[in-house]
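One structure below.
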Amino acid sequence: MATLSTQKISKLNANSPFSCYEACKKQLLKAVDWDEKSELTKALKEYVSVAERLRSLLRNGQGSMTREKWIDFQNQVSKTLGLVDERIDALSKSTNSSLPVIVDKTAKKHNVTGTQLRSGRNKTANMKGILSPSEKNENFEKILGRIQSEIVVSSPGIKWDQLVGLDSVKNVIHETIVLPSRRPDIFRGLRAPCRGLLLFGPPGNGKTLIAKAAATECESCFFSISTSSLTSKFFGESESLVKGLFYLAKRRQPSFIFIDEVDSLLSVRNEGEHEASRRLKTEFLIQFDGLNTTGEDRIFVMAATNRPWDLDEAVRRRFTKRVYIPMPDGTSRKAAILSLLSKGGIKSSLSIADVEQIVHMTKNFSYSDLAALTREAALCPIRELGPKIVRIQENRIRPLRKDDFVEALKTIRPSVCEEQLSKYIEWNESFGVTAK
Ligand SMILES: Nc1ncnc2c1ncn2[C@@H]1O[C@H](COP(=O)(O)OP(=O)(O)O)[C@@H](O)[C@H]1O
Ligand SMILES: [Mg+2]
């Protein structure tokens with residue numbers, strides 16, 4: 001018996017009236033975007049093309065559909081067409097366009113008033129109504145609202161110069177995210193930036209901080225998600241959450257999605273795992289692949305992990321740039337200690353030579369280990385005071401000395417051991433890109 005090959009089936013599906021209608025909606029989304037950016041001529045051109053496609057669908061779209069289904073479908077398409085025609089009508093007047101515009105007056109019978117479309121701020125609201133996947137999922141609007149309030153961070157407010165060291169990493173990020181977001185006209189075609197970047201490395205070295213600084217720097221809408229936002233607040237809805245997240249990110253371009261501790265969300269798929277978590281991963285991959293199909297999306301996904309080896313291979317492949325955030329070297333440790341001392345609001349009598357000795361004693365300390373060490377050292381002059389602490393004037397407390405650090409080193413030890421570090425280095429050699 002003759003069977004259809006997969007290729008043939010997908011070709012048939014791609015030509016089905018439903019997928020044609022979906023494609024029209026996608027194009028409509030583009031038109032609405034131009035419209036919202038007040039690029040009226042471009043918007044008009046796009047609307048006209050959508051209207052033509054919708055009309056052709058109404059003429060030839062029945063295919064093998066039953067009569068009832070076809071009437072339903074026709075109604076839906078006509079309604080959309082009505083809205084599009086209304087907008088074309090309004091735009092061609094305001095742009096004085098010479099584009100060949102065919103406005104189907106019969107569309108008005110579909111109860112489209114057009115007043116909302118013409119009235120300033122809400123002009124594209126009806127279009128969005130058509131485009132919103134809420135048709136398919138009643139809860140979707142609710143989820144979008146929750147994403148809006150809990151996951152969209154307007155601006156993290158962290159600046160590049162708050163990051164100590166990490167110059168090479170800053171360069172990579174500048175080139176892959178910041179510049180393309182500022183000059184999309186240059187970074188396209190072969191120069192199109194990658195869509196996904198993974199930061200990996202031992203904990204406490206600024207991965208989360210880098211993401212926040214990058215989001216501030218590229219002036220994008222920042223979506224920050226982590227396992228906790230998924231499991232506690234969205235339990236059972238994580239699949240829709242991912243859908244909603246990418247949907248909103250598309251609408252609010254340029255946008256920047258940050259997934260912290262990505263390993264716990266998108267780890268290797270295995271037999272025993274929960275069905276919901278498997279669906280979440282699949283949805284993520286689908287949404288990720290759906291990005292930038294037109295080459296014009298400005299959505300960037302960044303993820304951070306302390307356990308890169310736990311990532312699902314398919315997820316790893318999507319993050320084409322994988323940047324190692326190593327432990328701070330001597331120079332960075334020195335800069336970090338000096339910065340902690342200067343910002344700490346505490347007097348210190350440490351000379352540069354003292355700091356260098358401390359740097360020497362803190363091999364394999366992460367930034368957060370160094371911060372913990374400095375805090376512990378800062379308590380030494382207080383402990384010496386004993387009960388006198390209650391009465392002493394603040395400016396009479398003695399300044400911090402190198403010995404305080406030596407004392408603190410007895411209790412604060414590096415949180416990552418050599419063995420773990422070599423695991424990161426190995427993974428970096430296999431999968432990382434070297435930051436220049
Ligand atoms: N390069 C750095 N410069 C300044 N502070 C840093 C740096 N790296 C880490 N920190 C500080 O250390 C703490 C942990 O950083 P974080 O970004 O959460 O690390 P990670 O995400 O790699 O585990 C934060 O308080 C952060 O402010
Ligand atoms: Mg972190």
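None of these values were measured; they are calculated from a predicted model. Read the numbers this way: they start at 1 and go in the same order the structure lists the ligands and their atoms.
- Tally of protein N, O or S atoms closer to the Mg ion (ligand 2) than 2.8 Å: 1.
- Using a 4.0 Å threshold on non-hydrogen atoms, atom 25 (O) of ligand 1 does not count as touching the protein.
- For atom 23 (O) of ligand 1, the closest non-hydrogen atom of the protein is Gly204 N, 2.8 Å.
- Within the structure, no pair that satisfies the ring pair (Phe, Tyr, Trp, His ring centres under 6.0 Å) test touches residues 363-421, not counting sequence neighbours.
- Given atom 7 (C) of ligand 1, the protein heavy atom at minimum distance is Tyr367 CG, 3.6 Å.
- The closest side-chain donor-acceptor pair between Glu261 and Thr305, if any, does not fall under 3.5 angstrom.
- Nearest protein heavy-atom contact of atom 15 (O) of ligand 1 is Gly206 N, 3.8 Å.
- Of the polar atoms of Leu166, none of the N or O atoms is found under 3.5 Å from an N or O of ligand 1, judged by distance alone.
- For Val164, a nitrogen or oxygen atom sits less than 3.5 Å from a nitrogen or oxygen atom of ligand 1, counting backbone and side chain alike.
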Does the pair Glu46 and Arg87 meet the rule for a salt bridge (Lys or Arg N to Asp or Glu O under 4.0 Å), with working shown? CA-CA 11 Å; Glu46 214 70 60; Arg87 193 69 198 135; over 6 Å; no
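- Of the polar atoms of Leu209, at least one N or O is found under 3.5 Å from an N or O of ligand 1, judged by distance alone.
- With a 6.0 Å cutoff to the six-membered ring centre and a 45° limit on the axis angle, Arg195 does not count as a cation-pi contact of Phe288.
- Ligand 1 has no nitrogen or oxygen under 3.5 angstrom from a nitrogen or oxygen of Leu163.
- Considering only non-hydrogen protein atoms, atom 13 (C) of ligand 1 sits nearest to Ser368 CB, 4.1 Å.
- Residues Val169 and Tyr324 fail the side-chain proximity criterion, which asks for heavy atoms closer than 4.5 Å.
- Between Lys207 and ligand 1, at least one pair of N/O atoms sits closer than 3.5 Å.
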